[in-house]
Amino acid sequence: MKVLVTGAGGRLGRVLVEALVEAGHEVNALDVQASAGLGALQRLGGQVRLYRGHLEHYAEVEPAVAGADAVYHLGAAMGSFTDFQFYTTNVTGTFHVLQAVRRAAPGLRRFVFPSSDAVYEKYIPGGLPAPIQPDRPNATPRDGKGLYAMTKIVGEEMLWSYLRTYGIPGTVYRFPIARAAAELPEFYEFWLDGLLRHKRGQRRADAESPAAVEVLERLQRDAGGERRLVLARDAAGRPYQRVYVDARDVVQALLLSLDTPDATGRSFAVAGKDQPATSEQIVPYLSRKLGVPYVEARLPGIPTFYDVDISATREVLGYRPQYDVFQMIDEAVQQTPAA
Ligand SMILES: NC(=O)c1ccc[n+]([C@@H]2O[C@H](COP(=O)([O-])OP(=O)(O)OC[C@H]3O[C@@H](n4cnc5c(N)ncnc54)[C@H](O)[C@@H]3O)[C@@H](O)[C@H]2O)c1
C-alpha cells in the first residue's frame, strides 16, 4: 500500500514509518523542514519519500496525499505552542489533509486521526471515579479543557463529518501518555522540580494548588539543591495513577486498523501493558534504577487519577500491548551512557 504519514519525523511518526517500511509499504513522509526525525527517515531508503511542508499550507499537503491508500495524520502541535499555532496546525491542517484526500486520493481505505485522552476532563476533585469508556458514546463526556483538547475534539468531528459526507473511512485513536522508552524516566510528574513547575502552573484551575505548591517547595528546600524523585499522593494518601503506553505499542494499534474494515467510524483507546500504573509502583522502581532518592508528597487539591477501558481495542483490533512501564524504564536505563 501507499501510506502517508504526517508528522513523520515525530516521536510516534518515526516508529510508525519504520514499521510500515518493514511491512513492505511505500511511505510518503510529511513533516516540517526543521523536524529532527526526518533525516533519520531518509536513511530508510527508497520506500520512503520525504515531503517537507507545513500542514497549514494546502499546496504543500496535497502532493504528499496524492494516490494514498491510507493516511496516518500524526502531524500536530502538541506541548508548548501558541493558541494560533494549535488552531492552524491542528484544525486547519486536519481540514487540509481531509480535503486533499477528497481531491487526490479517491481509493483511500483508511484515515487515522490520533486524538488524545486530553479530550476528557481527567483532573476532577477526587480523580476519575470510573475508567474512561472511549467506544461507548457519551459514557465519558468529551469535556477536556484547553486549546489542544479543543483541536482534537474538532479534528474528531471533522473526521466523522467527512465519513458521513464523502465516505472517507476514518478511525480515531485516543492516546494516553505515549513515549519512547528512553523518554519515560524524565516524565515531569516523577520529579520534584517537574511536579512543582506543573502545580505552579495549575494555580488557576485548582483552588488548592497553592497549598500543594507549598508542600513541594518545602520538600525542594529540604533536598538542599539535590535533584529528587517524588512519589505523589492525594490528600487521602492514594498514589497518583495514570495510563502510559510505549510508542511501539501505539504503532501496533495503529497498524491493526489498516486491515480491519470494522474500525471505520470507531474511536479506540490505547494503553500499554498492565495499565494503569501508580506513582507508588513507578517511582521507587525508578529510584532504584537511577540511584536517585525519592521523597513522598501528600498533595491537597485535584489529584492525577484515572484509568481507561481498552477492551474494544483488544476485541475489534486484536491489540495486545507488549511493554509495561518497568520494561520501558529498564530499556531507558540501559541506553543511558554511564556518567
Ligand atoms: N505522545 C503523546 O503522548 C500523545 C498523546 C495523545 C495524542 N498524541 C497525538 O499523536 C500525534 C503524534 O504525537 P507525537 O508524540 O509523535 O508528537 P511529536 O510532537 O513528536 O510529533 C509531531 C510531529 O508533527 C510535526 N508538525 C508540527 N507542526 C507541523 C506543521 N505545521 N506542519 C507539518 N508538521 C508539523 C512536528 O514537526 C513533529 O515531527 C499527534 O497528533 C499528537 O497530538 C500524542
Side-chain angles (χ1 to χ4, degrees), residues 4-19 28-41 50-65 71-82 84-97 100 111-120 122 132 134 142 144 146-156 158-159 171-184 186-189 242-251 253-254 267-272 275 308 328:
L4 166 67
V5 180
T6 73
R11 155 197 299 122
L12 302 178
R14 272 177 275 175
V15 187
L16 176 62
V17 173
E18 271 193 50
N28 285 358
L30 174 70
D31 210 315
V32 294
Q33 174 77 33
S35 173
L38 268 191
L41 296 182
L50 298 187
Y51 291 84
R52 296 171 203 273
H54 287 84
L55 291 162
E56 47 277 66
H57 299 151
Y58 183 81
E60 295 173 12
V61 172
E62 193 182 291
V65 174
V71 170
Y72 288 96
H73 174 39
L74 302 189
M78 182 180 66
S80 303
F81 288 87
T82 66
F84 282 91
Q85 285 169 327
F86 278 127
Y87 190 87
T88 54
T89 302
N90 298 5
V91 178
T92 309
T94 300
F95 169 67
H96 285 164
V97 181
F111 190 112
V112 168
F113 181 70
S115 186
S116 166
D117 67 5
V119 302
Y120 306 110
K122 302 187 295 296
I132 292 165
R142 290 180 309 162
L147 258 287
Y148 172 74
M150 181 202 79
T151 65
K152 289 297 182 186
I153 293 170
V154 173
E156 291 186 7
M158 278 197 268
L159 194 70
T171 299
V172 161
Y173 289 84
R174 299 201 186 110
F175 303 146
I177 308 288
R179 293 287 182 273
E183 298 174 278
L184 188 65
E186 275 303 319
F187 186 59
Y188 76 89
E189 205 168 77
R242 277 189 188 274
V243 176
Y244 304 86
V245 64
D246 186 289
R248 292 164 291 188
D249 279 332
V250 170
V251 166
L254 291 175
S267 309
F268 296 104
V270 183
Q275 296 298 305
V308 64
M328 292 172 75

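Counting starts at 1 for both ligands and their atoms, following the listed order.
The aromatic rings of H96 and Y58 lie perpendicular to each other, with more than 60° between the two planes, well past the 30° mark. Using the six-membered ring where Trp is involved, Y173 and F268 have ring planes that are tilted, between 30° and 60° apart.
In this structure, the salt bridge (charged side-chain N to carboxylate O under 4.0 Å, His left out) partners of E156, at least two apart in sequence or on a different chain, are R142, R174. A search for salt bridge (charged side-chain N to carboxylate O under 4.0 Å, His left out) contacts involving D31 returns nothing, not counting sequence neighbours. With sequence neighbours excluded, the residues forming a salt bridge (charged side-chain N to carboxylate O under 4.0 Å, His left out) with E186 are R227, listed by chain and number.
Closer than 4.0 angstrom to ligand 1 sit non-hydrogen atoms from G7, G9, G10, R11, L12, D31, V32, S35, G53, H54, L55, E56, L74, G75, A76, M78, T89, P114, S115, S116, Y148, K152, F175, P176, I177, A178, R179.
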Side chain to side chain contact (heavy atoms under 4.5 Å, CB included) evaluation trace for T88 with H54: CA-CA 10 Å; T88 54; H54 287 84; over 6 Å; no

